[in-house]
A.B. asks: 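Shown below is the structure under consideration.
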Amino acid sequence: MAKERSRKALAELLQRPGNAACADCAAPDPDWASHSLGIFICLNCSGIHRNIPQVSKVKSVRLDDWDDAQVEFMASNGNNVAKAKYESKMPPFYYKPTFLDCQLLREQWIRAKYERKEFIHSEKQEPYSAGYREGFLWKRGRDNGQFLSRKFVLSEREGALKYFNKNDAKEPKAIMKIEHLNATFQPAKIGNPHGLQITYLKDNSTRNIFVYHEDGKEIVDWFNAIRAARFHYLQVAFPGASDVDLVPKLSRNYLKEGYMEKTGPKQTEGFKKRWFTMDDRRLMYFKDPLDAFARGEVFIGSKENSYKVLEGLPPSTQGNHWQHGITIVTPDRKFLFACETEDDQLEWITTFQKVISRPMLPQEYAGVFAGEGWRSASVP
């Protein structure tokens with residue numbers, strides 16, 4: 001009887017505002033809880049909470065036994081109360097992960113909130129809020145693919161992230177301007193759970209570097225330090241903009257990545273398998289997913305500018321090994337692609353349609369390249 005009463009009371013608590021989504025990653029319908037923190041969480045986040053038992057004690061809402069004191073504690077707290085406490089001083093640039101993000105981001109977010117209490121005590125945010133950060137990261141070599149320790153320096157005052165090939169080197173190997181910097185976690189692609197992809201512009205072309213650190217907190221602090229630097233740069237560049245306007249511009253995940261086949265501009269060459277990345281409105285292709293430079297990139301505009309995506313290939317098309325075609329029509333030419341599976345084809349078409357259906361912003365018109373062809377410094 002008591003067990004049934006507790007279960008009913010918890011079910012009612014889940015209906016309260018804020019409790020219908022995981023307190024940490026916003027996954028819907030959480031069915032676990034931390035009865036020491038007073039929050040409702042999803043199964044995945046409960047696994048992270050189990051790893052910090054000195055802070056969080058977890059139970060299943062439906063399967064475990066609850067005593068009256070534990071239920072009363074949940075009733076007097078809840079997700080909104082915990083958020084007001086544990087996120088009270090969270091800086092606007094700090095990345096708040098969702099259930100779609102990688103394990104590392106979610107784990108460090110939970111540890112930052114409840115274990116280290118970084119958003120209660122502002123002084124604990126210094127590693128990513130100070131405007132300057134230096135340290136060593138493992139960086140993948142462009143030519144041999146080996147990861148080597150490299151010194152990195154992020155300076156908001158200089159407006160750049162730099163890295164050095166030797167500890168005592170006076171000149172950096174690369175200077176990456178904060179204005180054009182992006183960082184996104186890519187554990188599967190890099191083959192490391194802490195793998196971070198950093199992109200910047202070099203000679204007006206996209207350049208990738210791939211890094212990691214053995215310590216999860218370190219690499220996430222680097223990520224948020226980059227976001228902080230971007231945030232402060234954009235505040236100066238756009239003085240009238242609100243935080244809500246700026247935060248989505250601090251870093252971005254790719255809309256989609258994966259292999260497709262492509263053919264050349266004359267559409268008479270054979271199709272070649274390439275790795276594609278859809279980054280906002282730029283579709284880039286690489287010979288290998290971990291290439292430093294794209295072999296080519298093309299701007300994808302909006303339907304108002306006569307861009308559209310079609311399922312299939314023109315009837316005269318030859319040379320494609322994969323049978324699930326996609327045609328992108330631009331004002332000046334058609335781009336032909338082929339996918340290995342029907343699911344891949346549907347996912348790419350959906351991604352392209354989302355981009356094309358979005359009206360272009362005034363500043364995006366600068367991305368439209370002359371002739372609308374692959375902008376490339378090398379062969380397909």
Side-chain angles (χ1 to χ4, degrees), residues 87-98 100-102 105 108-109 112 118-119 122 124-135 137 152-163 172 174-186 196-209 211 219-255 277-282 284 294 297 299-302 354-355 358-369:
E87 300 178 29
S88 61
K89 296 181 181 178
M90 189 183 87
F93 59 77
Y94 194 96
Y95 187 78
K96 185 174 180 176
T98 73
L100 298 173
D101 283 298
C102 65
L105 276 171
Q108 289 303 317
W109 161 241
E118 290 178 17
F119 312 125
S122 300
K124 294 189 176 184
Q125 300 168 16
E126 192 269 342
Y128 45 82
S129 296
Y132 181 88
R133 183 177 174 87
E134 68 172 73
L137 297 173
F152 281 76
V153 176
L154 175 67
S155 170
E156 288 188 15
R157 185 175 57 81
E158 295 180 26
L161 172 67
K162 302 179 285 188
Y163 79 86
I175 299 174
M176 300 163 257
K177 290 185 178 179
I178 288 170
E179 178 184 0
H180 302 300
L181 206 55
N182 186 45
T184 178
F185 279 96
Q186 296 273 19
L196 185 70
Q197 179 174 348
I198 297 172
T199 61
Y200 63 101
L201 287 182
K202 182 176 182 179
D203 301 328
N204 212 29
S205 292
T206 302
R207 169 78 202 271
N208 300 318
I209 63 170
V211 299
I219 196 68
V220 173
D221 282 352
W222 272 105
F223 175 64
N224 280 302
I226 290 170
R227 286 175 57 88
R230 292 264 308 149
F231 182 63
H232 297 140
Y233 162 78
L234 290 170
Q235 282 182 314
V236 173
F238 303 99
S242 68
D243 290 356
V244 174
D245 293 328
L246 298 181
V247 167
K249 297 177 170 59
L250 303 186
S251 64
R252 61 192 182 274
N253 295 327
Y254 300 131
L255 301 179
T277 296
M278 190 76 229
D279 181 9
D280 197 30
R281 288 194 181 274
R282 287 178 306 138
M284 299 175 283
E297 53 186 82
F299 184 86
I300 307 293
S302 67
K354 283 180 182 175
V355 174
R358 196 176 77 221
M360 279 171 57
L361 301 171
Q363 60 266 34
E364 289 180 324
Y365 282 93
V368 184
F369 307 129

A.B. asks: According to side chain to side chain donor-acceptor pair (under 3.5 Å), who are the partners of T199, at least two apart in sequence or on a separate chain?
C.D. replies: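 Once residues adjacent in sequence are excluded, T199 has no partner under the side chain to side chain donor-acceptor pair (under 3.5 Å) criterion.
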A.B. asks: Quick one: list whatever passes side chain to side chain donor-acceptor pair (under 3.5 Å) with Y254, sequence neighbours left out.
C.D. replies: Q197
A.B. asks: Kindly give the heavy-atom pair with the smallest separation between V211 and I198, and that separation in Å.
C.D. replies: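 Reported closest heavy-atom pair: CG2-CD1, 4.1 Å.
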A.B. asks: Is the ring pair Y94/F119 parallel, tilted or perpendicular, if the boundaries are 30 and 60 degrees?
C.D. replies: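 The arrangement is perpendicular - the two ring planes meet at more than 60°.
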A.B. asks: With sequence neighbours excluded, what pairs up with L255 under the side-chain contact (heavy atoms from CB on, under 4.5 Å) test?
C.D. replies: M278, T351, V355
A.B. asks: Which value, rounded to the nearest 0.5 Å, describes the distance between I175 atom CD1 and Y163 atom OH?
C.D. replies: 11.5 Å
A.B. asks: Mind listing the closest non-hydrogen atom pair of P359 and S302 along with its distance?
C.D. replies: CA-CB, 4.3 Å
A.B. asks: Return the set of residues passing salt bridge (charged side-chain N to carboxylate O under 4.0 Å, His left out) with D221 (not counting sequence neighbours), or none when no residue passes.
C.D. replies: K217
A.B. asks: Of all residues at least two apart in sequence or in a different chain, which pass the side chain to side chain donor-acceptor pair (under 3.5 Å) check with S242?
C.D. replies: D245
A.B. asks: Charged N to carboxylate O under 4.0 angstrom, R358 versus D280?
C.D. replies: yes
A.B. asks: E158: what forms a side chain to side chain donor-acceptor pair (under 3.5 Å) with it, not counting sequence neighbours?
C.D. replies: K162
A.B. asks: Where the side chain of N182 meets the backbone of R252, is there a donor-acceptor pair that is under 3.5 Å apart?
C.D. replies: yes
A.B. asks: Who passes ring-ring contact (aromatic ring centres under 6.0 Å, His included) against W222, sequence neighbours left out?
C.D. replies: none
A.B. asks: In terms of the angle between their ring planes, are F93 and F231 parallel, tilted or perpendicular, with boundaries placed at 30° and 60°?
C.D. replies: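 Taking F231 first and then F93, their aromatic rings sit tilted (interplane angle of 30° to 60°).
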A.B. asks: If every non-hydrogen atom of A229 is compared with every non-hydrogen atom of E156, which pair is closest and at what distance?
C.D. replies: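 In this case the closest contact between A229 and E156 is CA-OE2, 3.4 Å.
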A.B. asks: Excluding sequence neighbours, so at least two apart, what forms side-chain contact (heavy atoms from CB on, under 4.5 Å) with D101?
C.D. replies: Y95, P97, T98, L105, N253
A.B. asks: Do R230 and L246 have side chains that get closer than 4.5 Å, going by heavy atoms?
C.D. replies: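 With C-beta onward as the side chain, the pair stays apart.
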A.B. asks: Test of understanding: with side-chain contact (heavy atoms from CB on, under 4.5 Å), list the residues that count as partners of E126, not counting sequence neighbours.
C.D. replies: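 If we apply the side-chain contact (heavy atoms from CB on, under 4.5 Å) test to E126, skipping adjacent residues, the hits are A130.
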A.B. asks: Would you say the side chain of Q108 lies within less than 4.5 Å of the side chain of F223, judging by non-hydrogen atoms?
C.D. replies: no
A.B. asks: For E87, what residues pass the salt bridge (charged side-chain N to carboxylate O under 4.0 Å, His left out) criterion, not counting sequence neighbours?
C.D. replies: K96, K113
A.B. asks: Do you know which two heavy atoms are closest between S251 and A183, and how far apart they sit?
C.D. replies: CB-O, 3.6 Å
A.B. asks: How would you list, by chain and number, every residue that makes a salt bridge (charged side-chain N to carboxylate O under 4.0 Å, His left out) with R207, sequence neighbours excluded?
C.D. replies: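 R207: no salt bridge (charged side-chain N to carboxylate O under 4.0 Å, His left out) contacts found.
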A.B. asks: How would you list, by chain and number, every residue that makes a side-chain contact (heavy atoms from CB on, under 4.5 Å) with Y233, sequence neighbours excluded?
C.D. replies: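 With sequence neighbours excluded, Y233 shows a side-chain contact (heavy atoms from CB on, under 4.5 Å) to I178, E179, A237, given in chain and number order.
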A.B. asks: Do F299 and M360 have side chains that get closer than 4.5 Å, going by heavy atoms?
C.D. replies: yes
A.B. asks: Could you tell me whether the side chain of F152 reaches within less than 4.5 Å of the side chain of R133, counting heavy atoms only?
C.D. replies: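 A side-chain contact is absent here, since even the closest heavy-atom pair is not under 4.5 Å.
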